Amino acid sequence: MPELPDVEIYRRRLDSKALNQAIERVQVAAPALLEGISPRGLARALVRHRFALTQRHGKHLFVRIDRGDWLALHFGMDGDLAYYGPAGERPSYAGVVIDFGNGFHLAYVSSRKLGRITLARDPHDYVAKKHLGPDALALDRKTFVALARRGRGAVKTWLTNQRVIAGVGNIYSDEILFQARLHPKRELGTCNDADLGHLFDSMRKVLRSAIAARADARRMPHRFLLPARLAGGYCPNCGARLRTLRAAGRTTYFCAHCQH
DNA sequence: CTCCATGTTTAGAA
DNA sequence: CTTCTAAACATGGA
């Protein structure tokens, strides 16, 4: 699930539970998740330290290690963060488990192992190296419109390009375009100021609603596409059967009647 | 067995 | 150089 809203939920979970606890041990069950650092190196960076604060940029989560670097987490297609106590059970597919002095644990969970864990000097440095665009929720309307004016091609491809704007992926781009009533393949160059303003508003509304719904489609407003898509099929606006196409290399759901 | 999946990177084509 | 597509990554589920 990990697009911007999901990662924001992970960030808040870590923030409310796992800060300022002494790290006693780091177990790496899936070394393939680590990028540019060995299991021993990761343990050396973390053990006897504490997490001080968190930060998020797009789909990337950063955790400041006191008197040290930042832990940078990306979650791929199915990554998750689980926090559990002494009585809790280690989740399946826990690739990295951090044990705290209070008996609690933080686990990076992923079966497909498409995410990555690494150390960064600081978030800014990491964002620059990855060529990430501005965070979707930190972006103001003027900058958004200016970026869009420079963009080319299908609006969905542009919106999901992390080098343009960081945080929007396949699932939420469908929701944003549905709310903005824009066809996923609509050429960006044919969008006027009203279209772009509407797109910006929809992006903020969708991302903020998703965070408020704890990134759970079942808790989202019933006028959203997401719950309908889970249920399997009809436009919550006009009732037409939803259609699919391929855009930006991925399956795209949309309403041909409402989106142009 | 086949196909598909919420992400990213890379190779190759146009 | 830009843009797009397909494949690859690893694995589970329908």
Side-chain angles (χ1 to χ4, degrees), chain A residues 1-11 28-36 56-61 72-82 91-96 108-118 120 126-133 135-136 147-178 184-190 203 206-207 209-211 213-220 224-233 242 244-254:
Chain A
M1 298 183 205
E3 295 182 32
L4 185 153
D6 312 271
V7 177
E8 177 62 16
I9 297 302
Y10 302 165
R11 188 189 74 76
V28 179
L33 288 168
L34 304 187
E35 188 172 75
R56 183 191 55 68
H57 187 102
K59 308 173 187 177
H60 302 260
L61 174 60
L73 305 167
H74 185 265
F75 297 94
M77 292 221 285
D78 73 337
D80 195 3
L81 272 189
S92 304
Y93 307 110
V96 175
Y108 177 104
V109 182
S110 171
S111 69
R112 288 167 205 169
K113 303 190 185 90
L114 292 176
R116 288 296 175 262
I117 299 171
T118 188
Y126 178 97
V127 165
K129 280 186 179 140
K130 295 272 183 186
H131 306 287
L132 297 175
D135 179 79
L147 285 174
R149 285 263 163 271
R150 300 184 64 89
R152 295 284 177 272
V155 63
K156 170 153 174 170
T157 307
W158 177 78
L159 192 58
T160 55
N161 183 349
Q162 302 302 298
R163 290 186 175 211
V164 178
I165 296 171
V168 179
N170 194 39
I171 289 282
Y172 289 106
S173 65
D174 281 2
E175 186 66 62
I176 291 164
L177 292 170
F178 175 74
K185 292 253 180 171
R186 174 73 176 274
E187 286 290 317
L188 201 52
T190 70
M203 180 178 78
V206 166
L207 296 176
S209 300
I211 291 168
R214 285 173 272 172
D216 181 343
R218 292 164 305 181
R219 296 177 190 276
M220 289 177 203
F224 269 33
L225 184 69
L226 243 64
R229 178 180 166 170
L230 274 188
L242 295 174
T244 61
L245 54 73
R246 300 284 290 179
R250 314 205 69 91
T251 301
T252 300
Y253 290 79
F254 73 109

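Being a predicted model, the structure only gives us computed values, none of them experimental. Chain naming here is simple, since letters A, B, ... match the order of the sequence lines and numbering starts at 1 in each.
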**Student:** Using the C1' atom on both, measure B:dT6 against C:dT3 and round to a whole Å.
**Tutor:** 24 Å
**Student:** When you compare C:dC1 with B:dT8, how far apart are their P atoms, in angstrom units rounded to a whole number?
**Tutor:**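 Taking atom P in both C:dC1 and B:dT8, they lie 24 Å apart.
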**Student:** Within a strict 4.5 Å, meaning less than it, do heavy atoms of the A:Leu225 and A:Phe254 side chains meet?
**Tutor:**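 Sidechains of A:Phe254 and A:Leu225: no contact.
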**Student:** Rounded to whole Å, how long is the line connecting atom CG of A:Asp174 with atom P of B:dG7?
**Tutor:**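 These atoms are roughly 10 Å apart.
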**Student:** Under 4.0 Å between a side-chain nitrogen and a carboxylate oxygen: does that hold for A:Asp216 and A:Arg214?
**Tutor:**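 Salt bridge: no.
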**Student:** State which residue, out of A:Gln162, A:Lys59, A:Arg163, fulfils the side-chain contact (heavy atoms from CB on, under 4.5 Å) condition with A:Leu132.
**Tutor:**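 Going through A:Gln162, A:Lys59, A:Arg163 one by one, the side-chain contact (heavy atoms from CB on, under 4.5 Å) with A:Leu132 is satisfied by A:Gln162 alone.
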**Student:** Between the side chains of A:Arg246 and A:Thr252, does any donor sit under 3.5 Å from an acceptor?
**Tutor:** no
**Student:** Using whole Å, report how far CZ of A:Arg150 lies from P of C:dT3.
**Tutor:**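 Result: 11 Å.
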**Student:** Quick check: closest heavy atoms across A:Glu187 and A:Thr190, and the distance to 0.1 Å?
**Tutor:** O-OG1, 2.8 Å
**Student:** Is any side-chain N of the basic residue among A:Lys129 and A:Glu35 closer than 4.0 Å to the acidic one's carboxylate O?
**Tutor:**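 So A:Lys129 does not pair with A:Glu35 through a salt bridge.
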**Student:** Any idea how A:His60 and A:His74 line up, ring-wise: parallel (<30°), tilted (30 to 60°), or perpendicular (>60°)?
**Tutor:** tilted
**Student:** Under 4.0 angstrom, heavy atoms only, what part of the nucleic acid is A:Gly249 near: base, sugar-phosphate, or nothing?
**Tutor:**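 Result for A:Gly249 = nothing.
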**Student:** Send over the distance from A:Leu33 CG to B:dT8 C1', rounded to a whole Å.
**Tutor:** 14 Å
**Student:** Expressed in angstrom and rounded to an integer, what is the separation of A:Ile211 atom CD1 from B:dT6 atom P?
**Tutor:** 20 Å
**Student:** Hey, does the side chain of A:Lys59 come within less than 4.0 Å of B:dT8's phosphate (OP1/OP2), counting only N and O?
**Tutor:**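 Answer is yes, contact under 4.0 Å.
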**Student:** Specify the closest pair of heavy atoms between A:Ala72 and A:Tyr126, including all atoms of both residues, with the distance to one decimal.
**Tutor:**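 For A:Ala72 and A:Tyr126, the tightest heavy-atom pair comes out as CB-CE1, 3.7 Å.
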**Student:** How close or far is atom C1' of B:dT6 from atom CD of A:Glu3, stated in whole angstroms?
**Tutor:**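 After rounding, the gap between these two atoms is 6 Å.
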**Student:** Phosphate oxygens OP1/OP2 of B:dG7: is one of them under 4.0 Å from a side-chain N or O of A:His74?
**Tutor:**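 No, no such contact exists.
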**Student:** Please give the distance between the P atoms of C:dA7 and B:dT2 as a whole number of Å.
**Tutor:** 15 Å
**Student:** Just the atom pairs and distances: protein N or O near nucleotides 8-14 of chain C's N or O, under 3.5 Å.
**Tutor:**
| unit_1 | atom_1 | unit_2 | atom_2 | d |
| --- | --- | --- | --- | --- |
| C:dA10 | O4' | A:Arg112 | O | 3.0 |
| C:dT11 | OP1 | A:Lys113 | NZ | 2.6 |
| C:dT11 | O2 | A:Arg112 | NE | 3.1 |
| C:dG12 | OP1 | A:Tyr93 | OH | 2.8 |

**Student:** Answer with base, sugar-phosphate or nothing: what part of the nucleic acid does A:Thr251 contact at a heavy-atom distance below 4.0 Å?
**Tutor:**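 Sugar-phosphate only.
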**Student:** Where does DNA chain C pair, written as one dot-bracket string 5' to 3', with Watson-Crick or G-U pairs under 3.5 Å, ( ) inside the strand, [ ] for crossing pairs and | for another strand?
**Tutor:** .||||||||.||||
**Student:** Using atom CG of A:Asp80 as one end and atom C1' of B:dG7 as the other, report the distance to the nearest whole Å.
**Tutor:**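 To the nearest whole Å, that distance equals 15 Å.
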**Student:** CD of A:Glu35 versus C1' of B:dT8: gap in Å, rounded?
**Tutor:** 10 Å
**Student:** Is there a side-chain contact between A:Asp135 and A:Leu4 (heavy atoms, below 4.5 Å)?
**Tutor:** yes
**Student:** Can you tell me how far P of C:dT5 sits from CZ of A:Arg246, to the nearest Å?
**Tutor:**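 Answer to the nearest Å: 10 Å.
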**Student:** Can A:Val164 and A:Arg150 be said to form a side-chain contact (heavy atoms from CB on, under 4.5 Å), step by step?
**Tutor:** CA-CA 10 Å; A:Val164 178; A:Arg150 300 184 64 89; over 6 Å; no
